[in-house]
Amino acid sequence: MNGKNTAVEKLNQALQDAIRALGVEDNETVFEMPRREGWGDRATTIAMKLAKTLKTKPIDIAQKLAANLNSEYIDKIETVGSGFVNVFLNGKFYADVVEDALKQGNTYGSVNLGNKKRVQVEFVSANPTGPLHIGHGRGAALGDSVARILEFTGWDVQREYYVNDSGLQIETLGKSTQARYLELLGKESHFPENGYKGEYLYDIAREIINLEGDKFANVPESESLEYFKKYAAETIMAGIKNDLENFRVRFDKFFPEGYLHKNGLVKSAMEDLKARGYAYEQDGALWFKTEDTIGDDKDRVLIRANGIPTYFASDIAYHRDKFITRGFERVIDVWGADHHGYIARVKAAIKAMGKNPDDFDVLLIQLVNLIRDGTSVNMSTRAGEFVTLSEVLDETGTDAARFFLLMRKSDSKLDFDLDLAKKQGNDNPVFYVQYAHARVCGLVREYEKLGKSSKTISPSLFNDSKEARELANYISFFPDEIKAASQTLAPHLLTSYAMSLAGAFHSFYNSNRIIDAEDSQARVNLAKAAGLVVRECLDLIGVNAPERM
RNA sequence: GGCCCCGUAGCUCAGUGGAUAGAGCGACUGCCUCCUAAGCAGUAGGUCGGGCGUUCAAGUCGCCCCGGGGUCGCCA
């Protein structure tokens with residue numbers, strides 16, 4: 001996408017050339033960031049990794065590698081320990097890094113990994129039986145951010161929400177709403193055993209009374225049930241869409257489960273499985289045959305004895321539609337971790353339909369534990385007691401909520417400290433990062449008032465200021481961070497990187513004069529590049545980068 | 001019982017086989033005559049749950065054990 005001509009790319013190229021000179025094929029290895037001061041600006045452990053294949057002592061390989069490594073950017077190379085190669089770079093490298101970043105602007109860091117291949121990310125997909133809670137928010141933040149990262153790294157991304165608009169739960173929703181309606185009118189009501197107890201159904205029932213009066217109180221319940229189902233589901237879905245918009249999460253498509261049934265897609269998916277020998281009838285039901293596929297340990301029912309398809313059957317039809325009808329080359333689903341046992345089943349089904357299960361990724365999200373005043377807020381969806389996403393957004397704002405929900409890897413539990421998220425101080429990581437951006441904008445505003453605009457970046461800055469060098473080094477590793485985040489589908493790498501980068505900027509800011517320094521051009525340009533990368537990083541996790549705070 | 005996740009500083013967690021294990025919060029000490037102190041600098045705090053193994057190298061990989069959570073439906 002960007003060609004091989006940035007300073008970082010040239011340096012990595014020099015490393016790969018040096019490795020090839022040892023007689024080893026390599027187009028992958030790149031330099032790493034050393035963990036400690038004194039170990040240089042870049043390091044590689046490749047000598048130790050090659051020891052076995054080359055049948056040579058690591059330190060000898062390291063020395064040969066060092067001798068082969070040629071670049072205008074290298075000041076000095078040290079081979080230490082059992083075979084580490086530490087590279088010390090000159091100021092020109094960092095001057096070029098800053099120049100590259102400024103030149104590339106908001107495409108800096110966008111490596112092409114996807115080759116415009118079509119990938120679908122399906123996320124949230126909450127049933128329209130109640131408002132989104134904070135757990136859905138985590139799925140929304142994750143799916144949206146993964147989609148943004150994939151787009152940034154060259155994939156053609158489609159974002160989809162699967163709407164479970166048919167089946168038992170909508171039946172229960174309709175009955176629950178109907179019961180609340182009758183209850184509010186003082187009539188006899190039958191609240192279903194596993195009904196939805198949330199307060200929101202009273203609100204919806206009240207709306208229905210305002211719109212339709214008591215006209216459903218005098219007809220048989222079975223006759224009006226359809227209306228309650230439809231009204232409640234549509235109202236709740238509208239609320240969900242509204243929440244998602246406030247959360248800055250966009251979907252390309254809302255895919256209704258009902259579409260699969262209406263168009264006979266479940267039926268044809270079942271026929272296809274039968275034809276391929278992956279489905280059989282027994283005890284009056286249709287079963288999925290798991291043997292010969294992967295992962296799952298037993299056969300599963302597709303069509304119940306009563307003729308109603310299971311959720312699994314719909315899901316097979318749905319994923320068949322994704323992979324075959326719509327032709328996505330890769331599909332990523334975001335699920336709650338409680339569905340983990342379901343992965344093997346769906347993978348098996350994907351294999352059974354003739355597609356490669358490796359093209360299907362599931363990102364599991366663990367629970368969110370809301371913390372207030374140092375203790376966790378109890379939630380129970382069944383009892384209808386949960387903290388909704390919109391309540392959290394009202395309290396913390398979208399930026400803080402998104403940032404907090406992406407601070408941990410999705411597969412582990414997350415403590416969300418509401419008090420911390422609301423704080424406007426350096427202890428709140430969101431503000432810390434955003435403030436770095438606002439500071440850069442402030443500097444640039446001041447600098448432009450002085451009417452200076454030279455693009456010169458003097459390399460000596462990076463020798464004179466340790467903080468400038470460190471900040472530029474973080475900037476230089478941004479493309480690697482992006483690559484890692486894209487390959488592992490892990491936005492939390494970017495929240496963590498953003499905090500480090502912001503930290504490096506604040507240190508630089510506090511220990512260096514910038515706009516009134518002698519080499520102010522170089523300093524302002526470095527600050528600009530840092531601000532640019534902060535903004536890109538925040539954008540990829542869906543958080544705003546304010547120009548003033 | 002099978003499968004999955006987790007166990008790292010007082011708390012919450014980073015750490016895709018590499019060097020002397022890091023960050024944030026909390027605690028303590030300094031820093032605004034100066035581009036935004038919503039900031040910076042520093043101090044203290046660790047048998048990486050335990051054991052055995054693989055490896056030149058293990059917080060990271062394998063096996064066993066301990067502790068916490070999840071999941072094992074003709075529910076979704």
Side-chain angles (χ1 to χ4, degrees), chain A residues 32 34-36 38-39 43-49 51-52 57-59 80-84 86 127 129 164 167-169 194 257 283-287 295-298 300-315 336-344 364 366-367 369 371 374 407-409 411-417 420 423-432 434-436 438-439 441-447 449-450 467 484 487-488 490 492-493 495-497 499-500 502-503 505-517 520 523-524 527 548-549:
Chain A
E32 295 159 28
R35 283 198 284 118
R36 197 171 294 272
W39 291 347
T44 178
T45 58
I46 190 73
M48 289 176 281
K49 294 186 209 302
K52 194 157 286 176
K57 275 193 291 183
I59 192 68
V80 291
S82 44
F84 295 96
N86 294 336
N127 297 337
T129 55
N164 237 261
L168 191 63
Q169 72 223 308
N194 289 315
E257 182 193 352
D283 303 331
L286 183 72
W287 294 72
D296 205 13
D297 53 350
K298 57 181 169 189
R300 307 286 177 177
V301 170
L302 295 164
I303 311 283
R304 286 175 269 241
N306 65 9
I308 298 173
T310 60
Y311 183 86
F312 183 37
S314 311
D315 238 8
D338 54 339
H339 290 67
H340 107 85
Y342 199 69
I343 297 174
L364 294 179
Q366 290 282 357
L367 298 179
N369 186 26
I371 308 281
M407 279 202 296
R408 306 280 173 251
K409 61 182 169 196
D411 203 16
S412 49
K413 281 181 291 180
L414 169 78
D415 279 7
F416 187 141
D417 188 333
L420 179 61
K423 264 199 227 173
Q424 310 235 320
N426 60 341
D427 41 1
N428 182 345
V430 188
F431 283 87
Y432 183 78
Q434 288 182 320
Y435 183 47
R439 263 186 161 169
C441 293
L443 285 171
V444 172
R445 277 194 301 271
E446 288 300 310
Y447 193 65
K449 272 189 211 161
L450 302 175
E467 291 82 8
Q487 285 172 336
T488 59
H492 80 276
L493 296 178
T495 50
S496 162
Y497 172 80
M499 287 189 271
S500 303
F505 173 75
H506 289 308
S507 293
F508 168 65
Y509 178 92
N510 274 279
S511 54
N512 291 264
R513 300 301 303 170
I514 297 172
I515 63 178
D516 51 8
S520 62
R523 290 167 194 250
V524 169
R548 290 169 206 272
M549 288 174 76

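None of the values given here were measured: they were computed from a predicted structure. Basis for what follows: all heavy atoms, side chains included, without hydrogens, waters or symmetry-related copies. A note on names: the letters A, B, ... follow the listed sequences, proteins ahead of strands, and every chain is numbered from 1.
Applying the side chain to side chain donor-acceptor pair (under 3.5 Å) criterion to A/N127, with sequence neighbours excluded, gives A/Q169. Under the side chain to side chain donor-acceptor pair (under 3.5 Å) criterion, A/N86 pairs with no residue at all, not counting sequence neighbours. In this structure A/R408 satisfies the side chain to side chain donor-acceptor pair (under 3.5 Å) test with no other residue, sequence neighbours excluded. Judged as a side chain to side chain contact (heavy atoms under 4.5 Å, CB included), and not counting sequence neighbours, A/D283 has no contacts. Under the salt bridge (Lys or Arg N to Asp or Glu O under 4.0 Å) criterion, A/K449 pairs with A/E446, sequence neighbours left out. For A/R513, the side chain to side chain contact (heavy atoms under 4.5 Å, CB included) criterion is met by A/D516, A/A517, not counting sequence neighbours. With sequence neighbours left out, A/K49 forms a side chain to side chain donor-acceptor pair (under 3.5 Å) with A/T45. Remark: A/A438 engages A/M549 in a side chain to side chain contact (heavy atoms under 4.5 Å, CB included) (not counting sequence neighbours). Every residue meeting the side chain to side chain contact (heavy atoms under 4.5 Å, CB included) condition with A/H340, not counting sequence neighbours, appears here in chain and number order: A/L364.
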What string of B, S and - do you get for nucleotides 8-16 of chain B, 5' to 3', when a contact is any protein heavy atom under 4.0 Å?
----BSSS-

List the protein contact pattern of nucleotides 71-76 of chain B with one symbol per nucleotide (5' to 3'): B for base contact, S for sugar-phosphate-only contact, - for none; contact means a heavy-atom distance under 4.0 Å.
S-SBSB

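Side-chain contact between A/K413 and A/N369 is absent, with no heavy-atom pair separated by less than 4.5 Å. You'll find the side chain of A/I515 reaches within 4.5 Å of the side chain of A/V524, heavy atoms only.
Distance A/H506 NE2 to B/rA41 C1': 14 Å, rounded to the nearest Å. Summarising the geometry, the separation between NZ on A/K57 and P on B/rA57 is reported as 16 Å, rounded to the nearest angstrom. Separating the CH2 atom of A/W39 from the C1' atom of B/rA21 is a distance of 10 Å, rounded to the nearest angstrom. Counting to the nearest Å, the C1' atom of B/rA57 and the NZ atom of A/K52 are 10 Å from each other. Distance A/N369 CG to B/rG69 P: 13 Å, rounded to the nearest Å. Residue A/M48 contributes atom CE, which lies 14 Å from atom C1' of B/rA58 at whole-angstrom precision. As rounded to whole Å, 12 Å separates atom C1' of B/rC35 from atom OH of A/Y447. Nucleotide B/rU20 holds its C1' atom 5 Å from the CZ atom of A/R36, rounded to whole Å.
Each of A/S82 and A/D516 has a nearest nucleotide on RNA chain B; the 5'-most of these lies closest to A/S82. Judged by closest nucleotide on RNA chain B, A/A43 is the one of A/I515 and A/A43 placed further toward the 5' end.
B/rU54 sits 15 Å from B/rG62 when the P atoms are compared, rounded to a whole Å. B/rC48 sits 13 Å from B/rA58 when the P atoms are compared, rounded to a whole Å. With both ends at atom C1', the span from B/rU55 to B/rC63 equals 16 Å, rounded to whole Å. One C1' atom belongs to B/rC5, the other to B/rA9, and the distance between them is 23 Å to the nearest Å. Across the P atoms, B/rC25 and B/rA38 are found 15 Å apart, a figure rounded to whole Å. To the nearest whole angstrom, the two P atoms, one in B/rG59 and one in B/rG7, are 15 Å apart. Rounded to whole Å, the C1' atom of B/rG46 lies 15 Å from the corresponding atom of B/rG15. Separating the P atom of B/rG1 from that of B/rG45 is a span of 41 Å, rounded to the nearest Å.
With 3.5 Å as the limit, one finds a donor-acceptor pair spanning the side chains of A/E257 and A/S314.
Taking the ring centre of A/F505 as origin, the terminal cationic atom of A/R439 falls outside the region bounded by 6.0 Å and 45° from the ring axis.
For B/rC48, the O4'-C1' to base torsion is more than 90° from 0; the nucleotide is therefore anti.
Within the nucleic acid shown, A/D315 has no heavy atom closer than 4.0 Å to any nucleic acid atom. Counting any heavy atom pair closer than 4.0 Å across all strands shown, A/A490 reaches no nucleic acid atom. Nucleic acid contact class of A/A438 (heavy atoms, under 4.0 Å, all strands): base.
Using a 4.0 Å cut-off, some side-chain N or O of A/R439 falls inside it from OP1 or OP2 of B/rA37.
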Let me check I have this right: for RNA chain B, each base becomes ., (, ), [, ] or |, based on Watson-Crick or G-U pairs with both distances under 3.5 Å. What is the full string?
(((((((..((((....[...)))).(((((.......))))).....(((((..]....))))))))))))....

